[in-house]
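To start, the structure itself, in structure tokens.
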Protein chains: 2
Amino acid sequence: MHDVLRKFINEITTGIIADDEFVHIEKGFFPKLMKRRQFLLHEGAVCKYMAFVVKGALRQYSIDERGNEHIVHFGIEGCWITDRESLLMLRPSKYNIDALEDCELLLTTKEQLSLITDLSLQFLKMSHILDSQHSISFQNRIQASLSYTAEEKVMDLMIRYPSFFNRFPQSMLASYLGLSPETFSRIRKKLLTKQYAF
Amino acid sequence: MHDVLRKFINEITTGIIADDEFVHIEKGFFPKLMKRRQFLLHEGAVCKYMAFVVKGALRQYSIDERGNEHIVHFGIEGCWITDRESLLMLRPSKYNIDALEDCELLLTTKEQLSLITDLSLQFLKMSHILDSQHSISFQNRIQASLSYTAEEKVMDLMIRYPSFFNRFPQSMLASYLGLSPETFSRIRKKLLTKQYAF
DNA sequence: TGAGTCAATTGATCTATGTCAAGCAAATTT
DNA sequence: AAATTTGCTTGACATAGATCAATTGACTCA
């Protein structure tokens with residue numbers, strides 16, 4: 001299972017991590033299996049782990065004052081999932097994280113992360129690259145959320161993450177985009193009809 | 001001018017950077033003065049610089065297909081402002097960055113950034129901490145944008161960035177929140193009236 | 001295998017916010 | 001100092017998307 005992480009680090013850094021360096025990382029992560037519908041984080045708890053998704057899918061969501069769910073993040077293979085604010089600042093989290101499928105994860109703690117980034121330059125480099133990528137994707141997401149119509153949001157999702165449509169219920173994709181399931185359904189139908197009209 | 005950056009690095013890392021380390025950073029940044037309404041980046045150009053704001057204010061915005069401006073970021077003293085995607089991946093930017101006030105900036109390039117992060121551990125550490133903070137604030141912003149009503153968005157801005165209300169035109173604050181200026185004006189009036197009613 | 005749950009669609013209606021226009025005061029430019 | 005521009009507010013009206021409800025088919029569980 002740790003081999004997947006090793007491969008991931010090599011791919012991201014376009015390098016090959018040495019055995020004696022990877023051993024620090026290996027020690028800092030432990031495997032966890034989750035069944036569908038199990039929680040990794042409950043709202044109100046302090047987040048203890050950062051998770052690397054080896055296999056499966058999770059979602060990170062909050063519930064607003066009106067009882068509506070808002071999915072901020074899906075975690076699929078090759079993704080990292082945590083509430084960084086809670087993990088690093090020890091604040092009660094406003095998020096829940098649960099498994100949408102049976103999952104294989106590698107978990108690490110805040111302390112282990114610190115240690116690993118001190119001991120492994122390649123891990124630090126990977127972390128830095130991922131932060132850049134995340135920053136870019138966050139910026140795109142904010143820009144889309146400010147300026148797109150509902151239809152543009154659905155189209156954008158179809159383009160960026162086509163596999164999401166096979167993998168997650170439409171009500172969850174709607175939530176991820178900040179739309180109602182009915183609106184999502186109507187727009188998707190309209191877009192599929194348009195495409196056939198070409 | 002570089003002293004402000006030095007102080008900033010020390011504050012963020014809760015340390016004191018050595019002279020012989022800071023000299024690398026100093027060499028990698030050059031000062032730039034901008035007048036109000038001048039551009040740092042035009043849409044369609046490849047972004048060449050990351051800017052640290054020593055004094056003044058800028059905004060980063062895109063213009064959608066309907067001709068509407070959408071402000072994704074304000075850069076005030078102590079902020080960094082760039083289009084990371086364009087800078088790092090050499091893509092034409094979809095953003096504009098211009099000065100809302102006369103500004104003093106320190107600019108660096110992609111190459112200099114690489115060099116500095118190799119030569120200065122403290123700069124790398126600062127960069128890492130800032131990325132964590134940005135990640136956290138992006139997540140909050142996405143969550144707010146998905147789940148808040150217009151009124152909640154205005155309230156949240158009043159709480160998080162009260163100084164923005166003195167410093168930026170309301171039409172820009174509205175744009176930053178994804179609201180029309182009219183809606184913003186009505187909601188602000190309502191909230192101010194509510195507050196007086198307490 | 002049947003009952004219950006989940007997912008999705010569709011129609012009707014509602015509402016939060018956008019759009020358009022007008023007016024006014026402050027700020028900026030000439 | 002006068003003209004112009006910018007910023008903001010307000011009223012009237014329009015609309016994109018939400019809400020509610022009903023229905024149907026697929027999936028899950030006992």
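Just so it is clear: chains get the letters A, B, ... in the order the sequence lines come, proteins before strands, and each one is counted from 1.
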### Query
Does any N or O donor sit under 3.5 Å from an N or O acceptor when you compare the side chain of A:Glu182 with the base of D:dC20?
yes

### Task
Give a yes or no on whether a salt bridge exists between B:Arg141 and B:Asp156, defined as a side-chain N under 4.0 angstrom from a carboxylate O.
no

### Query
Base, sugar-phosphate, or nothing for A:Arg66, non-hydrogen atoms under 4.0 angstrom?
nothing

### Message
Rounded to whole Å, how long is the line connecting atom CG of B:Leu177 with atom P of C:dG18?
### Response
10 Å

### Task
Let me know the distance between CD of A:Glu101 and P of C:dC6, rounded to the nearest Å.
17 Å

#### Entry: Side-chain-base donor-acceptor pair under 3.5 Å for B:Arg186 and C:dG18
no

### Query
Using 30° and 60° as the class limits, which term best fits the ring planes of B:Phe74 and B:Tyr176: parallel, tilted or perpendicular?
tilted

### Message
Classify B:Arg37 by what it touches in the nucleic acid, base, sugar-phosphate, or nothing, heavy-atom distance under 4.0 Å.
### Response
sugar-phosphate

### Message
So does A:Ile116 get a backbone contact from the side chain of A:Ser120, meaning a donor-acceptor N/O pair under 3.5 Å?
### Response
no

### Query
Can you tell me if the side-chain N/O atoms of B:Ser185 get under 4.0 Å from OP1 or OP2 in D:dC8?
no

#### Entry: Side chain of A:Leu179 (C-beta onward), nearest among D:dA18, D:dT19, C:dG18
D:dA18

### Query
Is the distance from OP1 or OP2 of D:dT6 to the nearest side-chain N or O of B:Gln170 less than 4.0 Å?
no

### Message
Measuring to OP1 and OP2 of C:dA7, would you say a side-chain N or O of A:Ser171 lies under 4.0 angstrom away?
### Response
no

### Task
Say whether, by atom type as modelled, one donor and one acceptor occur between the side chain of B:Arg6 and the main chain of B:Ile17 under 3.5 angstrom.
yes

### Query
Reckon A:Ser180 touches a base, only the sugar-phosphate, or nothing at all at heavy-atom distances under 4.0 Å?
base

### Query
When all nucleic acid strands are considered with a 4.0 Å heavy-atom cut-off, which category describes A:Arg36: base, sugar-phosphate, or nothing?
nothing

